[in-house]
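Taking it in order: structure first as structure tokens, then the write-up.
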Amino acid sequence: MRGTGQEPASAPAPAPASDPSPAPEANPDTVTPDAPTPDPIPITRPVDCGTAKLMPDVDRARAWLLTVDGAPQSYVDLDAPTELEFEYARRLAALLDAAAAPTEPLDVLHLGGGALTLPRYLAATRPGSRQDVVEADRGLLALVAEHLPLPPDSGIAVRAEDARTALEAAPERSADVIVADVFGGSRVPAHLASAEYARAAARVLRPYGVYAANLADSAPFDFLRAQLANFATLFDHLCVIAEPAVLRGRRFGNIVMAASRAELPITRLARRTAADVFPARVEHGAALRRLIGDAVPVHDDQAVPSPRPPDGAFSIG
């Protein structure tokens, strides 16, 4: 009942039929200022290499985990691109940070894109860098572009192409760093595991440039040893970075390999990775030569993919 504050008001007389007074229609575009933002929901889409899923991080407003066929591929926080959740990404970032003086721009060729975690990281830490990202999965690129767009003027160019084809077509001595993070499913493809592939990378790198790759293996490390042998014929300085349990052969896992014609900043890398929230060890020099042992370079007609991970090694619940 409405009132004047003094006496109850009588019921209003019906409005004449010739003068209707309908209630105003609600504007569907009107948003209540204090209405809570709905929680993001997972996004699932078929892509060229399987089924991709973007899952929101409940603790961060614009952070997402990308999986393909259940295997984690990338983690991206659009509001904090320097936040790296995956161990191997943190180790690759350590190599990027050590590749030049702080904030100095770099020319980087990324083989494998995923959700563009490391390109976003480098754009934030080294503004003005020129980055070329090659990703073979067009469907995945479309999903990432739609839901995880790059910031304007990021300096990141993305294109759909096979990694080996793009590498062989890249100009000579055009890159300060090559970052290789290419997995077909959960395995490094064979055509990115040969001596000819290593030779193509050496051609594209500048004399002081660094090749950095995310690999996966376990004892007796036949795949890793062959990759080291491929690059040891072309680069004087190599190292690997991995969790101690992986290097001791206790479990399957990611191993980051770095190669350069110039001396690598081993001491700096060792300190940083040992102090990381996911501690790692850097193997180099005599220890690395012992790891390579009698391994010899493998050519295109001999190359094989990295080993298939054990069930559950890279999957999530």
Side-chain angles (χ1 to χ4, degrees), residues 65-66 71-77 80-100 102-126 129-135 154-156 158 163 167 175-183 186 188 192-193 198 201 204-205 208-217 224 227-228 231 235 237-243 246-247 253-260 262 264-266 268-284 306 314:
L65 171 68
L66 169 68
Q73 298 289 325
S74 304
Y75 179 94
V76 169
D77 187 335
T82 60
E83 291 292 329
L84 304 176
E85 293 292 309
F86 289 176
E87 299 172 26
Y88 80 85
R90 298 171 73 90
R91 292 160 194 163
L92 288 170
L95 284 165
L96 287 170
D97 288 348
T103 74
E104 180 180 330
L106 294 172
D107 293 337
V108 181
L109 173 61
H110 297 266
L111 304 177
L116 311 177
T117 302
L118 284 170
R120 298 173 200 266
Y121 175 88
L122 195 70
T125 57
R126 295 183 180 273
S129 294
R130 293 184 298 179
Q131 302 189 74
D132 192 10
V133 181
V134 177
E135 169 60 57
S154 66
I156 302 169
V158 183
L167 181 65
D176 298 314
V177 182
I178 296 173
V179 177
D181 185 16
V182 184
F183 282 77
S186 54
V188 177
L192 305 183
V204 173
L205 281 172
Y208 52 82
V210 176
Y211 176 86
N214 178 32
L215 307 174
D217 202 356
L224 173 64
Q227 303 320 299
L228 289 166
F231 280 83
F235 297 91
H237 303 276
L238 293 92
C239 74
V240 295
I241 310 171
E243 182 184 342
V246 173
L247 290 174
N254 292 99
I255 303 170
V256 167
M257 181 185 79
S260 179
L264 291 165
I266 297 296
R268 179 178 174 185
L269 289 171
R271 287 174 178 168
R272 172 162 169 175
T273 55
D276 193 75
V277 293
F278 304 111
R281 195 171 80 215
V282 178
E283 292 279 31
H284 65 102
S306 63
F314 290 150

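Only heavy atoms go into these numbers, but all of them, side chains included; no hydrogens, no water, no symmetry mates.
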Output all residues satisfying salt bridge (charged side-chain N to carboxylate O under 4.0 Å, His left out) with Glu83, sequence neighbours left out; order by chain, then residue number.
Arg60

Approximate separation, where rounding is to 0.5 Å, of His110 NE2 and Thr117 OG1:
10.5 Å

Rounding to 0.5 Å, atoms CG (Leu264) and CG (Leu238) come to a distance of 7.5 Å

Result for side chain to side chain contact (heavy atoms under 4.5 Å, CB included) between Val108 and one of Asp132, Asp176, Ile156, Val177 points to Val177

If every non-hydrogen atom of Gly114 is compared with every non-hydrogen atom of Leu66, which pair is closest and at what distance?
C-CD2, 4.0 Å

Look up atom CG in Asp107 and atom CG in Leu205, then write down how far apart they are to the nearest 0.5 Å.
11.5 Å

In this structure, CG of Asp77 is separated from CG of Leu65 (nearest 0.5 Å) by 12.5 Å

Mind checking the CZ-CG spacing from Phe86 to Leu92? Nearest 0.5 Å is all I need.
12.5 Å

Polar side-chain atom of Gln131 near backbone of Pro119 as donor-acceptor pair, under 3.5 Å
yes

Leu116 versus Glu135: any side-chain heavy-atom pair under 4.5 Å?
no

With side chains defined as the heavy atoms from C-beta onward, is the minimum distance between Val282 and Thr273 less than 4.5 Å?
yes

Can you check whether Val210's main-chain N or O pairs, donor with acceptor, with Ser260's side chain at less than 3.5 Å?
no

Qualifying residue for side chain to side chain contact (heavy atoms under 4.5 Å, CB included) with Glu283, from Ile255, Ile241, Val240, Ile266:
Val240

Where Pro279 and Ala274 come nearest, the two heavy atoms and their spacing:
CB-O, 3.7 Å

Considering non-hydrogen atoms only, spot the tightest contact between Phe278 and Arg90 and give its length.
CD1-CD, 3.7 Å

Looking only at heavy atoms, what is the nearest atom pair of Ala123 and Ser154, with distance?
CB-O, 3.7 Å

Value for CG (Leu95) from CE (Met257), rounded to nearest 0.5 Å, stands at 11.0 Å

Quick check: does any side chain N or O of Arg126 sit under 3.5 Å from a backbone N or O of Tyr121, one acting as donor and the other as acceptor?
no

Go through the steps for Val246 and Asn254 under the test side chain to side chain contact (heavy atoms under 4.5 Å, CB included), then give the verdict.
CA-CA 8 Å; Val246 173; Asn254 292 99; over 6 Å; no

Compare every heavy atom of Leu192 with every heavy atom of Gln227, then report the nearest pair and how far apart it is.
OE1-O, 4.3 Å

Does Val188 form a side chain to side chain contact (heavy atoms under 4.5 Å, CB included) with Phe183? I'd like the steps, not just the answer.
CA-CA 5 Å; Val188 177; Phe183 282 77; 3.8 Å; yes

Can you confirm whether more than 12 heavy atoms, excluding those of Arg130, are under 6.0 Å from its CZ atom?
no

Test ring pair (Phe, Tyr, Trp, His ring centres under 6.0 Å) applied to Phe231 - qualifying residues, sequence neighbours left out:
Tyr211, Phe235

Taking all non-hydrogen atoms of both residues, which atom of Leu84 and which atom of Ala89 are closest, and how far apart?
CD1-O, 3.8 Å

